[in-house]
Amino acid sequence: MTAPASPTSSQPLSQDELKAQVGRAALAYVAKGEIVGVGTGSTVNKFIDALATIKDEIKGAVSSSVASTERLRALGIPVFDSNEVEELSVYIDGADEIDHRGFMVKGGGAALTREKIVAAQSRKFVCIADESKLVEVLGAFPLPVEVIPMAAQRVMRQFAAMGGIAQVREKDGLPLVTDNGQHIVDVTGLRITDPLGFESTVSQWPGVVTVGVFAHQKADVCLLGTAAGVKTMEFGA
């Protein structure tokens, strides 16, 4: 179904405005008095800004990254360690790609491991994204894989055997180090037609911490920002 939220002017909404639109729409899934699971990324930043407007109605948040934690606290939203919370009612996060079944590729912001942890302790996963993230088949966006540094080259060779082209993500000329002290390998050239099987297989490779296919922790709902308003996509089990 589509919730009409047409732009007020004839000018098309920018990607930034679409992100703000779905960030605000996600507030409808936040229950009063609850602790909210909060993801990472530019779209989630818009949700955090919106969440600050109802911060007195919630207990706080569990965050999937240092960056999100800092933003939440700066806006006066208490942040809990995931070990302090048994279960979350909802986890709200973005995606680099999402298909029509709710399977996603995530990890462009290098927080995929913590994102999966928070998603796994949440009863509902609400994905917020602009319409450019909706795809028929996952794989066009470089697949992030968090790896233990000593395994990086071997993992890259395993992806090469699958037809993928892998490289270690860098920052300032050096391998990027995640919040968990690991490296990220980004893989292009893949067409992931069986996300569940792919995630299960790659997760078993020695040295892989987390693969950025979210199939076992897929979205239950996707709020998609479009020129016509926020489109709500719901996915079955």
Side-chain angles (χ1 to χ4, degrees), residues 35-45 47-48 61-72 79-88 90-98 102-122 124-129 133 138-139 141-156 158-159 164 166-171 174-187 190 192 195-219:
I35 297 172
V36 184
V38 177
T40 302
S42 58
T43 307
V44 172
N45 284 343
F47 167 67
I48 293 173
V62 169
S63 164
S64 68
S65 71
V66 172
S68 288
T69 294
E70 290 174 348
R71 192 180 189 96
L72 287 159
V79 179
F80 295 84
D81 185 280
S82 62
N83 288 307
E84 298 177 299
V85 181
E86 184 174 340
E87 187 179 59
L88 299 165
V90 68
Y91 176 55
I92 296 173
D93 200 359
D96 297 305
E97 289 183 331
I98 184 167
F103 299 138
M104 298 167 288
V105 166
K106 293 174 48 55
L112 60 162
T113 299
R114 296 189 184 192
E115 288 170 351
K116 275 194 180 175
I117 291 169
V118 183
Q121 71 181 110
S122 304
K124 177 173 285 189
F125 190 143
V126 176
C127 174
I128 53 176
K133 304 300 193 298
L138 302 177
F141 187 89
L143 173 69
V145 185
E146 185 162 358
V147 299
I148 294 172
M150 69 176 289
Q153 292 300 318
R154 187 184 51 74
V155 168
M156 290 166 68
Q158 286 185 266
F159 278 117
Q167 62 181 19
V168 175
R169 189 183 302 182
E170 294 188 348
K171 181 179 181 180
L174 296 171
L176 179 146
V177 178
T178 70
D179 289 348
N180 310 310
Q182 313 297 348
H183 290 174
I184 296 284
V185 169
D186 289 313
V187 190
L190 299 175
I192 305 169
L196 281 165
F198 182 92
E199 181 185 1
S200 295
T201 296
V202 176
S203 294
Q204 296 303 312
W205 292 355
V208 169
V209 178
T210 308
V211 57
V213 171
F214 282 59
H216 293 283
Q217 277 88 39
K218 73 171 194 169

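Both backbone and side-chain heavy atoms feed into the values below; hydrogens, waters and symmetry mates do not.
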| field | Side-chain donor or acceptor of E97 paired with backbone N/O of G139 under 3.5 Å | value | yes

For S82 and Q121, the nearest pair of non-hydrogen atoms, with its separation, is CB-OE1, 3.2 Å

One should read off an interatomic distance between D96 CG and K133 NZ, to the nearest 0.5 angstrom, of 7.0 Å

Q: For Q167, look at atom CD and say whether over 12 heavy atoms of other residues, nucleotides or ligands are found less than 6.0 Å away.
A: no

Test item: E84 side-chain N/O and D81 main-chain N/O as donor-acceptor pair under 3.5 Å: yes

Between the OG atom in S63 and the CG atom in D179, the distance rounded to the nearest 0.5 Å is 8.5 Å

Taken to the nearest 0.5 Å, the spacing of S64 OG from K116 NZ works out to 13.5 Å

One should read off an interatomic distance between F80 CZ and L72 CG, to the nearest 0.5 angstrom, of 11.5 Å

Taking every heavy atom of G37 against every heavy atom of V118, the minimum-distance pair comes out as CA-CG1, 4.0 Å

Result for side chain to side chain contact (heavy atoms under 4.5 Å, CB included) between I184 and one of P175, P144, P142 points to P144

Heavy-atom closest pair (V145 atom, V187 atom, distance to 0.1 Å) is CG2-CG2, 4.4 Å

Item to check | Pairwise side-chain contact, Y91 with E115, heavy-atom cut-off 4.5 Å (strictly under) | outcome: yes

SG of C127 to CD1 of I92, rounded to nearest 0.5 Å, is 10.5 Å

Distance-only, no hydrogens or angles: does the E146 side chain make a donor-acceptor pair with backbone N or O of L112 under 3.5 Å?
no

Checklist entry - Relative to F125, does K218 satisfy both conditions: NZ or CZ under 6.0 angstrom from the six-membered ring centre, and within 45 degrees of the ring's axis? => result no

Tell me, do F103 and L196 make a side-chain contact under 4.5 Å, heavy atoms counted?
-> yes

Report all side-chain donor-acceptor pairs from residues 202-213 shorter than 3.5 Å, counting only partners two or more places apart or in another chain.
unit_1, atom_1, unit_2, atom_2, d
S203, OG, E199, O, 2.7
T210, OG1, T113, OG1, 2.7

For I148 and Q182 the tightest heavy-atom approach is CA-OE1, 3.4 Å

_Any F47 side-chain heavy atom under 4.5 Å of V36 side chain_ = yes

Sorted by chain and number, sequence neighbours left out, salt bridge (Lys or Arg N to Asp or Glu O under 4.0 Å) with E86 holds for none

Non-hydrogen side-chain atoms of F198 and L143 separated by less than 4.5 Å
yes

Is a side-chain N or O of R71 found less than 3.5 angstrom from the main chain of V44, in a donor-acceptor match? no

### Donor-acceptor under 3.5 Å (Q217 side chain, A119 main chain)
no

Within-4.5 Å side-chain heavy-atom neighbours: V66 and R114 = yes

For H216 and S200, the nearest pair of non-hydrogen atoms, with its separation, is NE2-OG, 2.8 Å

One should read off an interatomic distance between D186 CG and R169 CZ, to the nearest 0.5 angstrom, of 4.0 Å

